[in-house]
Amino acid sequence: MIDPRREAVIERINRIPHVIPVLSSKGGVGKSLTSTGIAVLLSQMGRKVGLLDLDFWGASDHIILGVSVDEFPEEDRGILPVPKCGLKFMSVAFYTRNQPLPMRGSEYTDALLELMAVTRWDDVEYLVIDMPPGLGDPFLNLISFFRKGHYVVVTTPSPLSVMALKNTIHMLKEQKIDIVGVVENMSSQESLKEFLDEQGIRHLGNIPMINDIDAHMGDCEKFASSEFIKHLRRPVERIAELIG
Amino acid sequence: MHEWALAEAVLKTSIKVAKERNIKKLSEVEVVLGQLQDVDKEILEFALENMKKGTVADSAKFEFIEEAAEFKCRNCGNVWRMNDNPIDDAIIKEAVHFLPETIHSFLRCPNCGSADFEVVKGRGVYIKSVKGE
Ligand SMILES: Nc1ncnc2c1ncn2[C@@H]1O[C@H](COP(=O)(O)OP(=O)(O)O)[C@@H](O)[C@H]1O
Ligand SMILES: [Mg+2]
Ligand SMILES: [Zn+2]
């Protein structure tokens, strides 16, 4: 048996000029808010942006942006990502309709291949990818398919999160993958600057605890006007400068 | 029609295999169509016939083999077929058509209720063989 999707996936990926995976092996550090924020900010800067939620077990980006999953994305010689907030958005939530999606790692890989094989990003210049936590199948697929991505790692200053950061950086360096830098979330200062300097990794900036963040979800304008986005702007400008 | 994207994948992969095996002219490609994904064979065939022109698959015959879907529960070992209990909800059918893994959002093992089952057969579109010279 030959799987026809791999070839299609590789071709589609090669057509996207810049891929920005947002990851961390730790959950709950702000990957979803950061990746969605990066996509919104890049699109505000006039770039053509796609946002792909690859956290199939815990899809969240549609909730942040207020994308309705009551209808299937349009079909035209493939599947067209849904236009929202000035960007193109794709998530499994359109197909699970917010039902849980319990599945094994091998099934995750199958779903990833299927979605990537048929989704048409067309003129998208920057594809931002939101990842589930961990170093399992999703991570291993990511670094295998998106070797040329510009990776952004999210962390908090907690020692528990820093351990995960260390390990994520370790894996990416070992695979000679480009790390654009680290966003230090839920932190009032750049407390990891020294640690990252030692690692030779860029500190892109810190984002403090935002008390009213919940009130800024579920709507493009509200999210775009949040303090979170305000603090993420400088890191994203740096990302844009760095990757061109 | 997302069948066009699947057809593109089948064609490109057939061409790649032909190149790898030094095949100058493809004569036959056997394509398995899994019942779970329920792709429209006519559209897939039309798309392939349309896109193959001018490629190494120009005169290739695309043979379609339909495969019934079969599941095996990882929790209790129960094996069952899709035909035993066909899905009739149009929305679920369409979701599974786009993304077969979403079956885990909607189907449970009829014996023990587990969502942890394997699609043993008939998941989606695969190439069974590529022939030519
Ligand atoms: N800077 C912040 N200030 C306040 N709450 C935050 C901040 N960053 C993330 N959160 C909250 O923390 C939780 C986890 O964020 P999320 O983006 O879902 O993380 P991950 O995707 O890494 O699991 C969410 O409830 C989110 O609203
Ligand atoms: Mg998340
Ligand atoms: Zn069972």
Side-chain angles (χ1 to χ4, degrees), chain A residues 1-15 53-54 56-59 69-82 90-122 137-138, chain B residues 1-17 19-20 29-32 34 36-37 39 43-44 47-48 50-51 65 67 74-75 89-92 94-108 114-119 123-130:
Chain A
M1 288 287 185
I2 306 164
D3 190 336
R5 297 169 303 173
R6 274 182 187 273
E7 197 52 29
V9 170
I10 291 165
E11 259 210 38
R12 285 194 195 273
I13 290 173
N14 286 341
R15 266 184 249 153
D53 191 344
L54 287 189
F56 296 168
W57 291 297
V69 296
D70 293 343
E71 264 170 54
F72 293 112
E74 253 182 69
E75 282 180 84
D76 178 19
R77 296 197 170 210
I79 294 172
L80 301 177
V82 172
M90 183 49 85
S91 166
V92 291
F94 291 118
Y95 303 103
T96 61
R97 300 290 167 105
N98 286 332
Q99 294 295 303
L101 181 54
M103 59 184 172
R104 302 270 172 162
S106 58
E107 290 159 339
Y108 176 96
T109 302
D110 245 324
L112 172 72
L113 282 170
E114 197 73 38
L115 201 67
M116 289 299 303
V118 299
T119 304
R120 287 181 46 182
W121 294 104
D122 291 350
D137 293 56
Chain B
M1 285 305 134
H2 107 287
E3 271 80 356
W4 278 81
L6 297 174
E8 207 178 316
V10 168
L11 184 68
K12 286 198 169 132
T13 305
S14 308
I15 292 170
K16 181 171 174 259
V17 172
K19 205 178 262 168
E20 280 165 7
V29 179
E30 283 182 305
V31 183
V32 175
L36 184 62
Q37 190 165 26
V39 299
I43 299 175
L44 193 70
L48 280 167
N50 196 287
M51 288 191 285
I65 302 157
E67 189 177 75
R74 293 189 182 101
N75 182 47
D89 184 304
I91 292 196
I92 297 177
E94 196 159 346
V96 172
H97 167 63
F98 287 121
L99 206 53
E101 279 59 47
T102 57
I103 190 71
H104 293 284
S105 292
F106 305 112
L107 189 71
R108 297 293 177 257
S114 174
D116 188 11
F117 54 84
E118 188 186 345
V119 183
R123 177 199 171 277
V125 179
Y126 294 93
I127 298 173
K128 190 176 172 210
S129 72
V130 173

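Values below: every heavy atom of this structure, side chains too, minus hydrogens, waters and symmetry copies. Letters A, B, ... mirror the listed sequences (proteins, then strands); counts begin at 1.
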- Item | Verdict with supporting geometry, B:Glu101 and A:Tyr95, side-chain contact (heavy atoms from CB on, under 4.5 Å) | CA-CA 10 Å; B:Glu101 279 59 47; A:Tyr95 303 103; over 6 Å; no
- Are any of the side-chain nitrogens in B:Glu8 or A:Arg120 under 4.0 Å away from the carboxylate oxygens of its partner? no
If I measure from the heavy atoms of chain A, does [X] come under 4.5 Å with its side chain, its backbone, both, or neither?
| X | value |
| --- | --- |
| B:Val32 | side chain |
| B:Ile103 | neither |
| B:Phe106 | side chain |
| B:Val96 | neither |

- Among A:Thr96, A:Leu101, A:Leu115, A:Val118, side chain to side chain contact (heavy atoms under 4.5 Å, CB included) partner for B:Leu99: A:Leu115
From [X] atom [atom1] to [Y] atom [atom2], the distance as rounded to the nearest 0.5 Å:
| X | Y | atom1 | atom2 | answer |
| --- | --- | --- | --- | --- |
| A:Glu114 | B:Leu6 | CD | CG | 6.0 Å |
| B:His2 | A:Phe72 | NE2 | CZ | 11.5 Å |
| B:Lys16 | A:Ile2 | NZ | CD1 | 9.5 Å |
| B:Lys12 | A:Glu7 | NZ | CD | 8.5 Å |

- Listed partners of A:Phe56 passing ring pair (Phe, Tyr, Trp, His ring centres under 6.0 Å), at least two apart: A:Tyr108
- Message: Which residues pass the ring pair (Phe, Tyr, Trp, His ring centres under 6.0 Å) test with B:Tyr126, not counting sequence neighbours?
- Response: none
- Task: Determine whether more than 12 heavy atoms belonging to other residues, nucleotides or ligands lie under 6.0 Å from atom CZ of A:Arg97.
- Result: yes
- Message: Does B:Glu20, at its CD atom, have more than 12 non-hydrogen atoms belonging to other residues, nucleotides or ligands within less than 6.0 Å?
- Response: yes
Name the option with the most non-hydrogen atom pairs under 4.5 Å to chain A; the candidates are [options].
| options | answer |
| --- | --- |
| B:Glu30, B:Gln37, B:Glu118, B:Arg123 | B:Arg123 |
| B:Val130, B:Ile92, B:Leu11, B:Thr102 | B:Thr102 |
| B:Val125, B:Asp116, B:Val10 | B:Asp116 |

- Query: What residue in A:Gln99, A:Arg5, A:Arg104, A:Met1 has the most heavy-atom pairs under 4.5 Å with chain B?
  - Reply: A:Arg104
If you look at every heavy atom in [X] and [Y], which pair is closest and at what distance?
| X | Y | value |
| --- | --- | --- |
| B:Phe117 | A:Glu107 | O-OE2, 3.3 Å |
| B:Ala5 | A:Ala117 | CB-O, 4.3 Å |
| B:Ser105 | A:Pro100 | OG-O, 2.9 Å |

- Please look at A:Arg12 and chain B and tell me whether the side chain, the backbone, both or neither of the residue comes under 4.5 angstrom of a heavy atom of that chain. side chain
- Item | Proximity breakdown for A:Glu74 and chain B, heavy-atom pairs closer than 4.5 Å | neither
